[in-house]
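Step one of this worksheet: look at the structure below.
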Amino acid sequence: MSAKSPRPVDAALAREFGLTAEEYGNVLSIMGRTPTFTELGIFSVMWSEHCSYKSSRAFLKTLPTTAPWVIHGPGENAGVVDIGHGLAAIFKMESHNHPSFIEPYQGAATGVGGILRDVFTMGARPIANLNALRFGAPGNPQTRRIVDGVVRGVGGYGNCVGVPTVGGEINFHPAYDGNPLVNAMTVGVARQDRIFLSAAAGVGNPVIYVGSKTGRDGIHGATMSSSEFDEDALAKRPTVQVGDPFVEKLLIEACLELMATDAIVAIQDMGAAGLTSSSVEMAGKGGVGIDLDLDNVPQRERGMTAYEMMLSESQERMLIVLRPDRTEQARAIFDKWELDFAVIGHLTDTGNIVIRHKGEVEADIPLAPLADQAPVYHRPTAPALRPQPMEPIIDPVGVEQALIRLIGCPDLASRAWVYNQYDSTVGGQTVRRPGAADAAIVKVEDTEIGLALTTDCTPRYCRANAKLGGAQAVAEAWRNITATGARPLAVTDNLNFGSPEKPEVMGQFVDAIAGMGEACRALDFPVVSGNVSLYNETRAPDGTSQSILPTPAIGGLGVLEDVRTAVGLEMPDGCDVMLLGE
Amino acid sequence: MKVRVTVMLKEGVLDPQGKAVEHALHVLDFKNVGEVRIGRVIELEIDETDCERARAQADAMARALLANLVIEDFTTEVVG
Amino acid sequence: MKVRVTVMLKEGVLDPQGKAVEHALHVLDFKNVGEVRIGRVIELEIDETDCERARAQADAMARALLANLVIEDFTTEVVG
Amino acid sequence: MKAAIVVFPGTNRERDMAIALRGVAGQAPTMVWHRETALPAGTDLVVLPGGFSYGDYLRCGAMAAHAPIMAAIREFAQKGGHILGVCNGFQILTEAQLLPGALLRNAALRFLSQDCFLRVERNDTPFTRHWAKGDVFRTPMAHGDGNYIASADTIRMLEDTNRVAFRYVAEDGRVDAGDPQLNPNGSMNAIAGVFSENLRICGMMPHPEDLVDPLMGGEDGKPLFTGLVEALVG
Ligand SMILES: Nc1ncnc2c1ncn2[C@@H]1O[C@H](COP(=O)(O)OP(=O)(O)O)[C@@H](O)[C@H]1O
């Protein structure tokens with residue numbers, strides 16, 4: 001076993017890596033020895049909040065996830081629903097909040113890149129992007145810089161890969177001053193008989209690395225996004241990842257080309273914690289072992305260690321398990337698209353992940369306990385402090401003036417300045433662009449099917465009452481979809497909250513999920529994918545930390561059998577106006 | 001007095017532009033080109049007669065606006 | 001051998017990016033900044049030991065690809 | 001009409017273009033990969049579609065202009081072949097010097113994705129024959145670098161020889177190059193598209209191919225394609 005650890009592995013180092021004393025104890029008992037530096041790194045990222053969902057997992061399980069039209073619910077890279085004619089919609093939403101505060105352009109751009117990969121890794125051609133954004137107070141000078149960078153980043157990446165950005169939402173509130181939210185959603189379409197999953201199978205099958213080379217980008221990004229922001233965040237700056245949408249575009253085309261053959265056994269993108277989480281999850285889900293030789297990993301920088309390669313978050317990379325004898329066929333496709341391609345390992349029957357580098361074994365971890373013994377916390381909850389009920393409102397300015405103020409206020413003003421920077425028409429299938437309907441409508445090429453897409457959440461409602469707020473977000477998504485004439489099918493969510501170690505935040509989280517679950521059940525609108533982002537906090541100069549407003553963003557998807565029946569906001573002449581509801 | 005601020009990506013930060021240009025130069029048969037890095041130059045006309053002061057000001061401008069210190073480094077030089 | 005190619009918009013071609021930066025610098029209270037022009041630098045690692053030959057090659061690359069001579073001028077210099 | 005759509009790494013509007021062409025020609029165009037060295041036999045029309053070839057790194061269209069297929073396209077042009085370049089395709093044609101001028105960053109320095117109005121400057125070309133001179137049509141635009149620029153001499157030559165294909169205008173046809181509402185990217189003389197000297201190469205920034213179906217909001221872009229098919233058939 002390699003012992004070239006830059007530092008002795010002990011409880012103190014484990015703590016620096018974000019593992020609690022108890023978690024480190026479990027590592028020791030699983031390994032039966034002191035782990036190597038690389039092994040400790042693997043445990044720390046796999047058991048981070050970001051990868052393990054340790055604070056949220058128990059509660060997420062209470063959400064309804066099934067319906068006759070759900071093909072794959074949570075647990076895969078994205079949710080999959082039946083949209084008829086043998087086709088499936090594949091979609092998910094994911095946050096890139098912390099990176100977007102540090103470097104708004106690249107943070108937002110790589111957020112879009114990451115969610116695109118989650119969707120095309122399952123075999124879908126991405127056909128639409130949405131983005132749900134929350135920023136600090138409009139008057140805060142930082143807000144302008146962050147808004148500008150985030151909007152450019154979302155557009156810069158999405159426009160270049162050629163996926164239309166068709167919707168989203170934006171709110172402003174001082175609670176997001178030091179912690180904006182960037183939640184990106186991608187929707188793709190695949191044939192139901194060509195959906196690709198991540199569970200590896202077939203001892204001896206080759207493990208392939210494709211895409212960009214590995215650099216020292218974002219090492220420990222997964223643990224960073226699980227810890228509060230403070231001064232240290234500044235010191236971590238150079239670990240920001242830079243996205244390359246051009247390579248992503250090539251990767252989409254190359255993967256879809258390979259997916260049209262029967263060469264692939266399993267495939268997964270390298271997201272947070274890169275090579276570690278993709279290899280561990282693929283082998284773990286398949287119940288097999290995996291042997292990787294890092295000497296074969298395409299590297300952008302010299303002298304990278306095993307630890308660095310395993311934890312790098314370089315973008316635009318995928319891990320694929322191929323059928324035997326298909327390596328050359330696959331290589332030809334990636335050569336055509338001028339992407340890196342390397343055989344970096346194979347599947348084994350050991351049930352362990354074994355990492356070799358320069359002839360040494362740098363890690364050898366049993367996969368079953370790494371997954372099964374991942375921590376799960378039922379953290380204490382407390383009722384959230386709710387704002388006082390509002391005083392009766394006395395009309396100070398008159399209805400007309402009030403209306404003018406409302407139209408001009410940051411949360412209601414026109415969003416055209418944002419969505420006009422996003423290419424909403426590329427693909428030629430956008431039936432209702434941003435601003436034209438309550439949900440965006442995108443046609444599925446070569447069919448009559450339309451998809452209705454929306455993102456919704458009103459954080460101030462959630463702060464007033466997290467349960468009702470959670471239910472309201474689901475209901476609003478459902479209404480926006482029905483208003484276009486579409487049949488709501490399912491949702492993806494992005495649960496953005498403060499520190500789960502604060503009982504009142506944990507209380508908001510639990511309540512919001514309860515409300516969402518209730519609404520989803522009542523509306524037959526199951527949750528098929530999602531993402532949790534905790535520790536969205538800003539530390540004030542006085543040492544206290546302020547949580548964001550509870551923000552369970554909901555991404556809804558509905559289907560129109562005949563997209564020509566879609567209804568928008570435009571009111572034809574000579575119509576009667578009717579008010580429905582109470 | 002003219003000061004030139006040159007802004008380059010930090011060592012180790014992915015440079016997608018440089019990579020693409022490197023590839024294109026190889027396709028164009030410029031075989032002995034190795035790494036290519038792409039950056040920005042900003043030429044500032046500064047109303048100042050002292051070189052040191054002009055550079056110090058350019059420095060401050062680079063820090064405040066011209067470079068993104070999260071991913072970029074910069075250098076300043078007086079060019080005229 | 002490292003050669004730096006600096007590409008600037010031709011004199012007389014409007015540089016909206018430069019104008020925007022100029023404006024932003026004024027807003028930031030850098031009052032004595034006059035004209036701002038923005039260009040691109042391309043740093044090329046060239047496998048060559050002779051300075052003149054390295055520059056000549058960089059020159060050829062600039063003409064072929066790195067600059068658009070309809071709107072841009074370029075200079076080359078050996079930097080290391 | 002046999003159309004060939006050239007696909008570079010990073011091209012992303014090739015399918016939009018194929019749908020528009022197939023819709024009017026009844027025949028699917030052939031996709032031609034940038035590494036090919038010849039066009040399909042009997043090609044009547046070469047289309048360079050929109051996107052971000054090579055990421056639009058360095059300069060939009062600069063690297064694509066040197067792709068292997070470009071030699072065949074030059075030859076096709078020399079023999080009087082018809083070429084349409086839209087958005088990135090227009091940028092590539094200028095970088096390849098098959099069309100004059102260059103496209104700079106939009107004046108407002110932002111990507112612009114919105115509808116604009118174009119005025120047809122002459123209708124005696126295969127690209128514009130299904131419009132009348134002076135017709136105004138709506139079309140989406142989606143680009144960051146569409147600010148057309150050329151030397152004063154070139155602009156004068158283009159105007160004198162009537163080689164401006166389309167101009168950005170108000171809905172009523174009014175031109176005001178200084179008004180960012182009407183000339184959104186700041187192009188000189190509000191030029192949105194130009195012709196080659198023989199009128200057989202046309203480059204334009206906006207996307208008529210994305211407005212050929214009432215379902216997507218209209219058919220304003222369709223005359224370009226019906227005109228081409230009619231001119232180039234047989
Ligand atoms: N970040 C964004 N990206 C793309 N489109 C957006 C974004 N924010 C808002 N939009 C679009 O702008 C329009 C108006 O937004 P909003 O006021 O939130 O609408 P609504 O209240 O009808 O949900 C919608 O079509 C929405 O999709």
Side-chain angles (χ1 to χ4, degrees), chain C residues 1-28 30 33-47 54-79, chain D residues 8 53-68 70-71 90-112 143-155 157-158 177-178 180 183-189 191 194 203:
Chain C
M1 179 149 270
K2 202 187 247 173
V3 183
R4 180 181 293 165
V5 180
T6 306
V7 182
M8 303 294 289
L9 283 172
K10 283 196 168 133
E11 201 75 68
V13 173
L14 189 70
D15 175 6
Q17 239 185 317
K19 279 268 163 300
V21 168
E22 191 177 315
H23 176 76
L25 286 171
H26 289 159
V27 170
L28 284 175
F30 292 105
V33 176
E35 206 194 6
V36 177
R37 306 275 295 171
I38 297 199
R40 226 178 6 254
V41 286
I42 301 112
E43 281 188 1
L44 305 159
E45 197 58 68
I46 300 185
D47 184 14
R55 268 194 65 177
Q57 284 181 41
D59 235 74
M61 294 183 223
R63 271 171 221 290
L65 179 71
L66 305 177
N68 177 349
L69 301 180
V70 175
I71 44 170
E72 295 168 333
D73 286 330
F74 70 91
T75 55
T76 53
E77 66 187 312
V78 174
V79 290
Chain D
F8 301 93
S53 56
Y54 296 94
D56 273 357
Y57 298 142
L58 192 65
R59 286 185 318 278
C60 302
M63 290 186 261
H66 295 288
M70 290 307 290
F90 184 18
Q91 294 162 340
I92 295 168
L93 289 173
T94 60
E95 282 283 346
Q97 291 177 26
L98 288 166
L99 287 175
L103 293 137
L104 287 182
R105 186 75 61 85
N106 291 344
L109 303 175
R110 287 187 187 275
F111 191 94
L112 286 173
H143 58 250
D145 299 73
N147 184 349
Y148 187 78
I149 181 175
S151 68
D153 289 347
T154 304
I155 294 285
M157 178 274 290
L158 287 173
N183 182 27
N185 52 31
S187 291
M188 280 179 146
N189 292 15
I191 291 171
V194 297

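Residue numbers start from 1 in every chain, and the chains themselves are labelled A, B, ... in the order their sequence lines are given, proteins ahead of strands.
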Tell me whether Glu77(C) at atom CD has more than 12 heavy atoms from other residues, nucleotides or ligands lying less than 6.0 Å away. yes
Heavy atoms only: give me the nearest Ala107(D)-Pro16(C) pair and the separation to one decimal. O-CB, 3.8 Å
Which heavy atom of Leu66(C) sits nearest a heavy atom of Arg59(D), and at what distance? O-NH1, 2.9 Å
Steps toward side-chain contact (heavy atoms from CB on, under 4.5 Å) verdict (Leu14(C), Asn147(D)): CA-CA 11 Å; Leu14(C) 189 70; Asn147(D) 184 349; over 6 Å; no
Using 0.5 Å steps for rounding, measure from the CG atom of Leu65(C) to the CD atom of Glu95(D). 8.0 Å
Would the number of heavy atoms belonging to other residues, nucleotides or ligands and lying under 6.0 Å from NE2 of His23(C) be above 12? no
Out of curiosity, Lys19(C) NZ to Leu109(D) CG, how far, rounded to the nearest 0.5 Å? 12.0 Å
Check each atom of Leu9(C) against the heavy atoms of chain D and say whether the ones under 4.5 Å are side chain, backbone, both or neither. side chain
Determine the option with the most heavy-atom pairs under 4.5 angstrom with chain D, choosing from Ala20(C), Ala64(C), Gly12(C). Ala64(C)
Donor-acceptor contact below 3.5 Å, side chain Arg40(C) vs main chain Leu58(D): yes
Just so I know, are the side chains of Val70(C) and Thr154(D) near enough to count as touching, which here means a heavy-atom distance under 4.5 Å? no
At their closest point, which heavy atom of Ala102(D) faces which heavy atom of Asn68(C), and how far apart are they? CB-ND2, 3.9 Å
With a 4.5 angstrom heavy-atom cut-off, is it the side chain or the backbone of Ile71(C) that approaches chain D, or both, or neither? side chain
Given that the side chain runs from C-beta out, which part of Ile149(D) has a heavy atom under 4.5 Å from chain C: side chain, backbone, both or neither? side chain
